[in-house]
Amino acid sequence: MPPIYLDYNATTPIDPPVVESMLPYLREHFGNPSSAHAYGKAAHEAVEKARRQVAALIGAQPDEIVFTGGGSEASNQAIKGTCLRRPRSFFARLFGGRSPDAVHIITTAVEHPATLEPVAFLGRLGASVTILPVDWFGSVDPDDVKRAIVPRTRLVTIMHSNNEVGTLMPIREIAAICRESGILVHTDCAQSLGKVHVNVTELGVDLLTIAGHKLYAPKGVGALFVRRGVQLEPLIHGAGHESGRRAGTENVPYLVGLGTAAEIARESLPAATEKLKRLRDRLHEALKVALGDRIILNGHPEKRLPNTLNVNFVGHIGSEFLMKVPEIAASTGSA
Ligand SMILES: Cc1ncc(COP(=O)(O)O)c(C=O)c1O
């Protein structure tokens with residue numbers, strides 16, 4: 001018997017229908033989507049279908065989807081692309097050292113490294129950075145965001161849900177605050193898609209990260225939602241792929257897989273949310289019955305991803321505890 005897999009926030013298996021949808025693009029439809037002949041057209045149409053499928057999952061328009069090589073690239077593109085957009089007023093000055101009007105970025109202490117590291121990089125170039133704390137449940141207070149805003153704040157980047165404890169952040173409230181001041185909002189949605197309802201209009205965000213391998217698509221493929229009108233400096237300069245926003249011949253089979261996974265995720269909601277929640281709570285109840293107050297829940301009791309259960313086993317070190325039960329494939333935190 002293989003170990004029971006309980007580590008879906010680290011990665012998901014590829015859904016069999018996703019694999020099936022990819023296979024023709026690994027075999028016969030090998031064309032370059034930029035080629036004008038029939039081979040190119042077949043590939044181009046497949047990429048554009050995938051774009052529509054991904055857009056539909058988050059209530060976006062297809063032209064607001066930029067495909068990337070995963071969630072990390074999407075967040076890097078959002079964060080660096082926003083801040084490096086106006087080299088004259090921003091970048092050049094940064095090389096002159098820290099300046100009082102250097103761009104300001106707000107984030108939280110519990111972001112994934114795919115957010116914290118590009119923010120730290122911009123900090124090293126001279127941007128000023130505010131890293132907000134979170135409360136006991138792992139949530140940021142929108143009032144803290146409001147208080148942190150200064151006239152030169154360019155970007156607020158806060159995750160939609162936390163990958164370790166599952167807490168859902170008050171993104172809608174934060175985006176409403178930022179909109180009043182004309183500040184761009186990026187949210188890393190890698191863990192939320194397919195688990196809870198996500199709609200970019202309802203959230204009011206400008207940029208949103210999608211990671212394929214948290215969604216039953218392969219690793220190494222993702223997307224960034226870029227609201228119409230938001231201008232980003234590309235991370236990868238080159239030919240005009242992705243409407244000039246990300247150069248490089250498209251990874252057609254993987255994009256097809258991402259599109260299929262997005263469509264399946266959209267169709268499975270909202271039932272998936274309830275099913276996951278039931279399973280999660282059943283496991284939690286069983287642990288409580290067995291261990292009583294020797295287990296402590298981490299993260300928000302309600303405002304939490306339906307698939308995420310993070311607990312302390314009192315008196316035990318998580319990693320040592322898990323090593324004693326190789327039949328269970330779980331994690332103590334981010335992979
Ligand atoms: C919250 C979050 N953001 C970003 C990423 C990075 O995505 P990727 O592994 O596709 O680069 C992950 C997963 O590792 C994640 O959990």
Side-chain angles (χ1 to χ4, degrees), residues 8-9 11-12 15 17-18 50-66 71 74-75 78 108 110-112 115 137-140 142 156-179 185-217 222-228 258-282 284 299-310:
Y8 283 74
N9 286 8
T11 197
T12 58
D15 203 2
V18 170
R51 202 182 303 283
R52 290 193 295 276
Q53 288 167 315
V54 171
L57 176 62
I58 58 170
Q61 298 302 317
D63 64 349
E64 294 177 312
I65 300 298
V66 178
S75 291
T108 79
V110 295
E111 300 299 310
H112 189 274
T115 292
F137 299 120
S139 190
V140 68
V156 170
T157 172
I158 296 181
M159 65 202 329
H160 189 264
S161 58
N162 182 265
N163 47 308
E164 297 198 341
V165 295
T167 297
L168 289 157
M169 295 288 199
I171 297 298
R172 196 194 287 232
E173 292 86 332
I174 290 166
I177 291 166
C178 293
R179 205 174 313 121
V185 179
H186 165 243
T187 192
D188 176 355
C189 214
Q191 293 292 348
S192 303
L193 294 170
K195 297 165 195 161
V196 292
H197 170 77
V198 172
N199 180 291
V200 287
T201 305
E202 290 166 20
L203 284 176
V205 296
D206 303 288
L207 299 149
L208 180 144
T209 288
I210 299 170
H213 73 108
K214 315 291 183 182
L215 190 63
Y216 301 88
L224 179 67
F225 158 76
V226 183
R227 184 175 294 292
R228 273 185 193 162
L258 181 63
T260 308
E263 186 165 325
I264 294 171
R266 187 173 59 84
E267 286 168 354
S268 65
L269 288 169
T273 307
E274 288 312 309
K275 184 182 171 198
L276 288 167
K277 193 168 177 299
R278 257 198 323 276
L279 289 167
R280 177 197 72 187
D281 292 345
R282 199 169 125 198
H284 192 194
H300 198 283
E302 284 100 38
K303 291 178 198 152
R304 187 158 50 102
L305 288 175
N307 76 323
T308 303
L309 181 65
N310 184 314

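For the numbers below, each heavy atom of this structure counts, side chains included, while hydrogens, waters and symmetry mates do not.
Between Gln53 atom CD and Thr260 atom OG1 the span is 5.5 Å, to the nearest 0.5 Å. Going from atom OG1 of Thr108 over to atom CE of Met159 covers 6.5 Å, rounded to the nearest 0.5 Å. Distance CD/Gln191 to CG/Leu168: 11.0 Å, rounded to 0.5 Å. In this structure, OG1 in Thr12 is found 7.0 Å from CG in Leu215, a value given to the nearest 0.5 Å. Atom CG of Leu57 and atom CD of Glu263 lie 10.0 Å apart (nearest 0.5 Å). Annotation: the span from Asn162 atom CG to Glu111 atom CD amounts to 8.0 Å, rounded to 0.5 Å.
Side-chain contact annotation: Thr167 with Ser139, donor-acceptor N/O pair under 3.5 Å absent.
Residue Ile177 comes nearest to Pro142 through the heavy atom pair CD1-O, 3.4 Å, listed as atom of the first residue, atom of the second, then distance. Nearest heavy-atom pair, Lys195 versus Pro306, reported as atom, atom and distance to 0.1 Å: O-CG, 3.5 Å. Ala60 and Ile65 get closest at one heavy-atom pair: CB-CD1, 4.4 Å. Closest heavy-atom contact between Leu258 and Gly212: CD1-CA, 3.6 Å. Nearest heavy atoms, Val156 versus Cys178: CG2-SG, 3.6 Å. When every heavy atom of Val140 is checked against every heavy atom of Met169, the shortest pair comes out as N-SD, 3.5 Å.
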- Task: Report the C-alpha distance between Ser192 and Leu305 in whole Å, list the side-chain angles of each, state the deciding distance to 0.1 Å, and finish with yes or no for side chain to side chain contact (heavy atoms under 4.5 Å, CB included).
- Result: CA-CA 7 Å; Ser192 303; Leu305 288 175; 4.0 Å; yes

- Task: Check step by step if side chain to side chain contact (heavy atoms under 4.5 Å, CB included) holds for Glu164 and Asn9.
- Result: CA-CA 8 Å; Glu164 297 198 341; Asn9 286 8; over 6 Å; no

Residues 197-208 side chain polar contacts: donor-acceptor under 3.5 Å, at least two apart:
residue	atom	partner	partner atom	Å
His197	NE2	Glu202	OE1	3.0
Asn199	OD1	Thr201	N	2.8
Asn199	OD1	Glu202	N	2.9
Asp206	OD2	Val185	N	2.8

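Legend: residues meeting ring pair (Phe, Tyr, Trp, His ring centres under 6.0 Å) with His160, ordered by chain and number and at least two apart, are absent.
Screening residues 270-282 for side-chain hydrogen bond (donor to acceptor under 3.5 Å, both in side chains), with sequence neighbours left out, gives no hits.
Under the 4.5 Å side-chain criterion, counting only non-hydrogen atoms from C-beta, Ile158 is in contact with Ile171. Put simply, the side chain of Ser161 does not reach to within 4.5 Å of the side chain of Val196, judged on heavy atoms.
With Glu64 contributing its side chain and Arg228 its backbone, the two residues share a donor-acceptor pair below 3.5 Å.
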